[in-house]
There are 2 protein chains.
Amino acid sequence: MPNQNGMGPLWWHGKFRGCGYRITLAREVILNVLSKTEEHLSAEDIYSRIHSKHPNIGLTTIYRTLDVLANLGLVYRFDFGDKRARYELAKGPKGAHHHHHLVCTGCNRVIDYTDFIDDEMRLLQETEKGLSKKYNFRIMNHLIQFYGLCGNCQAKE
Amino acid sequence: MPNQNGMGPLWWHGKFRGCGYRITLAREVILNVLSKTEEHLSAEDIYSRIHSKHPNIGLTTIYRTLDVLANLGLVYRFDFGDKRARYELAKGPKGAHHHHHLVCTGCNRVIDYTDFIDDEMRLLQETEKGLSKKYNFRIMNHLIQFYGLCGNCQAKE
DNA sequence: CCTTTTATTGAAAATGATTTCCATTAATAG
DNA sequence: CTATTAATGGAAATCATTTTCAATAAAAGG
Ligand SMILES: [Mn+2]
Ligand SMILES: [Mn+2]
Ligand SMILES: [Zn+2]
Ligand SMILES: [Zn+2]
């Protein structure tokens with residue numbers, strides 16, 4: 001069983017090696033930051049969380065690494081309307097549940113929710129099946145977001 | 001009944017006036033372009049479709065107008081992953097059906113679909129109701145997109 | 001119509017997230 | 001340990017979108 005903590009090959013090393021990618025400090029550190037938060041971090045967010053301990057890891061590398069991770073399907077990239085890409089781990093070793101998002105258009109807060117996810121998934125699956133056939137479209141992924149006002153922002157109305 | 005063709009107050013004039021916005025040529029023309037296409041146009045797309053006939057309408061105005069229209073809810077703004085915002089009329093006088101999108105990650109083609117929309121809407125409504133209560137979140141809008149490969153791009157695999 | 005008020009506009013400059021360049025560094029195969 | 005070449009960082013470039021500001025033109029009132 002692949003190690004999940006201290007040393008030894010981590011869960012993602014295999015996938016990396018298999019694709020010819022090298023295991024580097026920057027990549028370790030970036031994945032580490034992502035696996036330790038519930039938030040939806042931007043490239044700069046990650047940079048600033050890393051920078052004090054690893055002043056030699058540049059912002060450019062963060063961008064490049066996030067690109068690699070997104071292509072590998074290890075992270076999801078989102079657009080929550082604040083003009084910068086935000087990322088979350090697709091599925092850490094913790095096995096976080098699949099979820100969707102509530103996005104507040106007032107303050108840009110993002111709430112993860114898993115309620116009704118089962119019904120959603122069921123519908124999505126039927127829909128995917130139908131659409132794949134009708135449009136000859138191979139669906140790989142989906143995005144569901146609700147936009148509105150969080151409690152705070154409703155109060156400020 | 002508000003006029004929909006040649007002259008007389010158009011369907012959107014009321015909404016505009018009510019919000020203190022003025023009716024201008026640029027706005028007429030931009031809404032006109034949007035109402036005549038099935039495509040999901042970017043600001044520049046609109047600019048180039050207008051420019052030969054109205055060389056005096058600047059790109060800046062297109063951006064500003066699209067902002068106004070989006071805020072009024074007359075157009076929807078989308079991010080289909082090609083690094084530029086794309087727009088479609090929310091509901092022209094033609095009363096286009098509510099729909100969602102299939103987005104090809106290979107060639108960026110976007111397909112409108114309305115299949116299963118009724119089931120989707122039913123689920124969305126229940127979900128909205130549940131989420132509103134649980135998270136005290138007032139949902140105003142939703143986004144559903146499927147990502148994958150269109151027929152052409154599957155062939156190129 | 002004519003005048004006044006002020007929203008709207010265009011052109012140019014600024015912005016800011018993301019990318020690209022390129023010389024240097026370091027992961028990995030042998 | 002050495003060779004190969006992917007990965008990196010810093011500076012410069014990109015490029016969609018926004019801001020600035022002086023000029024223009026809707027709309028309201030006569
Ligand atoms: Mn999330
Ligand atoms: Mn559409
Ligand atoms: Zn809020
Ligand atoms: Zn395609």
Side-chain angles (χ1 to χ4, degrees), chain A residues 7-10 12-31 33 40-48 50-72 74-75 77-87 108, chain B residues 7 9-10 12-31 40-48 50-72 74-75 77-87 108:
Chain A
M7 53 209 40
L10 291 168
W12 51 275
H13 284 195
K15 193 151 199 168
F16 256 67
R17 289 247 167 64
C19 297
Y21 290 117
R22 294 176 179 178
I23 314 294
T24 70
L25 175 64
R27 289 166 178 175
E28 300 262 15
V29 173
I30 292 168
L31 270 169
V33 167
H40 307 89
L41 301 178
S42 67
E44 284 226 28
D45 288 340
I46 297 172
Y47 178 74
S48 49
I50 283 178
H51 189 257
S52 57
K53 201 172 199 91
H54 299 279
N56 44 335
I57 294 181
L59 180 56
T60 306
T61 296
I62 313 273
Y63 276 108
R64 274 186 298 227
T65 300
L66 288 169
D67 242 38
V68 170
L69 294 174
N71 288 334
L72 287 176
L74 294 179
V75 306
R77 169 188 280 135
F78 292 103
D79 165 29
F80 293 130
D82 65 345
K83 313 284 187 185
R84 72 205 60 200
R86 294 189 167 276
Y87 300 83
N108 278 308
Chain B
M7 54 209 39
L10 293 168
W12 50 275
H13 284 194
K15 192 150 200 168
F16 255 67
R17 289 247 166 64
C19 298
Y21 291 117
R22 294 177 179 178
I23 313 294
T24 70
L25 175 63
R27 288 166 179 176
E28 301 261 15
V29 173
I30 291 168
L31 270 169
H40 306 89
L41 302 177
S42 68
E44 285 226 28
D45 288 340
I46 297 173
Y47 178 75
S48 50
I50 284 178
H51 189 256
S52 57
K53 201 175 200 92
H54 299 280
N56 43 334
I57 293 181
L59 180 55
T60 307
T61 296
I62 314 272
Y63 277 108
R64 276 186 295 226
T65 300
L66 288 169
D67 243 39
V68 169
L69 294 174
N71 288 334
L72 287 177
L74 293 179
V75 306
R77 169 189 279 136
F78 292 102
D79 165 29
F80 292 130
D82 65 346
K83 312 285 187 186
R84 72 206 60 202
R86 294 189 167 275
Y87 300 82
N108 278 308

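Chain A is the first sequence line, chain B the second, and so forth, proteins listed ahead of strands; every chain is numbered from 1.
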| task | Might you work through the side-chain contact (heavy atoms from CB on, under 4.5 Å) test for B:I23 and B:L10, ending with a clear yes or no? | result | CA-CA 10 Å; B:I23 313 294; B:L10 293 168; over 6 Å; no

| Hey, mind stepping through B:E44 and B:H51 against side-chain contact (heavy atoms from CB on, under 4.5 Å) and telling me if it holds? | CA-CA 10 Å; B:E44 285 226 28; B:H51 189 256; over 6 Å; no

| field | Derivation and outcome, side-chain contact (heavy atoms from CB on, under 4.5 Å), residues A:R77 and A:D67 | value | CA-CA 9 Å; A:R77 169 188 280 135; A:D67 242 38; 2.6 Å; yes

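Here the side chains of B:T65 and B:T24 are not in contact, with every heavy-atom distance at 4.5 Å or above.
Between B:I62 atom CD1 and C:dT8 atom P the separation is 15 Å, expressed in whole Å. At whole-Å resolution of the value, CD1 in A:I30 and P in D:dA7 are 13 Å apart. Straight-line distance from the CG atom of A:D79 to the P atom of D:dT17: 11 Å, rounded to whole Å. Atom CG of B:L41 is separated from atom P of D:dA16 by 15 Å (rounded to the nearest Å). With rounding to whole Å, A:R27 atom CZ is found 10 Å from D:dT8 atom C1'.
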| query | Can you give one letter per nucleotide of nucleotides 24-30 of chain D, 5' to 3': B if a protein heavy atom sits under 4.0 Å from the base, S if only from the sugar-phosphate, - if neither? | reply | -BBS---

| request: Sugar-phosphate means primed atoms, P, OP1 and OP2; the rest is base. With that split, encode nucleotides 11-21 of chain C 5' to 3' as B, S or - using protein heavy atoms under 4.0 Å. | output: BB----SBBBB

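Using modelled atom types, no side-chain atom of B:R27 and backbone atom of B:L69 make a donor-acceptor pair closer than 3.5 Å.
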